[in-house]
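Quick notes on the structure that follows.
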Amino acid sequence: MSIGTVHFAAGEIFKTVGIPLTDDAYAEGNETFTISLSNALGVTLGSPGTATITIADNESTTGANPIDQANFFVHQHYIDFLSREPDPGGFAFWTNEIAGCAPQPQCTDIKRVNVSAAFFLSIEFQDTGYLVERIYKAAYGDVNGTSTLGGTHQLKVPVVRLNEFLPDTQEIGQGIIVGQGSWQQQLDNNKAAFTAEFVQRSRSLPRSQTR
Ligand SMILES: [Ca+2]
Ligand SMILES: [Ca+2]
């Protein structure tokens, strides 16, 4: 799922929205998804506001699960953690961490775990997705959630939902590849713009200001 906000500057009439696709190994026939425009601010949506996209299946027989391949595993981490396609240098480095380890196959499992942890701990995730979680936690506190891991039990979880987490994470991460260009300045700008907008949301304001 991709959710995001498209910003048009004055005079802009064209925008590109990227939607990552996963090239699986299932022979399942063509698939479709819809893309919808909604909640326009300062403009009126034209027609059509919704379109159906068909993904042509490129398998005739189901193959091996591609997640077992290091390059697929790493690519999916870029999409899931960082909401972007890999930069060539980073992609080669993390893929080689797994594919180039020794002795194989004993080293593979621990390398996959370590690479996954590295994405979680990366500046680029900590300052985007994990920052969003912390902002929601600071603003709205926790609620009780139910986990079934190791037996059903209750635990405190931040009040953030996937349809909030994804667009907010992508907004802060917009245009950022850590280590490339003036990424620190861009990240600071994105964080400042996001938090200024976050505190103006109706959910953040005292009731008297939301009329
Ligand atoms: Ca495929
Ligand atoms: Ca397929």
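Just so it is clear, the values below take in all heavy atoms, side chains as well, and ignore hydrogens, waters and symmetry mates. Start at 1 and go down the list; that is how both ligands and their atoms are numbered. None of these values were measured; they are calculated from a predicted model.
Side-chain heavy-atom separations under 4.5 angstrom define the hydrophobic clusters, and the remaining members of the one that includes Leu45 are Leu37.
In summary, the side chains of Glu85 and His75 do present a donor paired with an acceptor at a separation below 3.5 Å, with no hydrogens or angles considered. Counting only N and O atoms by type, the side chains of Gln185 and Asn189 include a donor and acceptor under 3.5 Å apart.
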Side-chain donor-acceptor pairs under 3.5 Å in residues 166-174, sequence neighbours left out?
residue : atom : partner : partner atom : Å
Asp168  : OD1  : Arg201  : NH2          : 2.9
Asp168  : OD2  : Tyr136  : OH           : 2.7
Asp168  : OD2  : Arg201  : NH1          : 3.1
Thr169  : OG1  : Phe165  : O            : 2.7

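Excluding waters, the set of protein N, O or S atoms lying under 3.0 Å from the Ca ion (ligand 2) comprises Asp24 OD1, Tyr26 O, Glu28 OE1, Asp57 OD1, Glu59 OE1.
For the residue pair Ser116 and Phe73, the shortest heavy atom distance occurs at OG-CZ, 4.4 Å.
Under the salt bridge (Lys or Arg N to Asp or Glu O under 4.0 Å) criterion, no residue pair touches residues 23-45, with sequence neighbours excluded.
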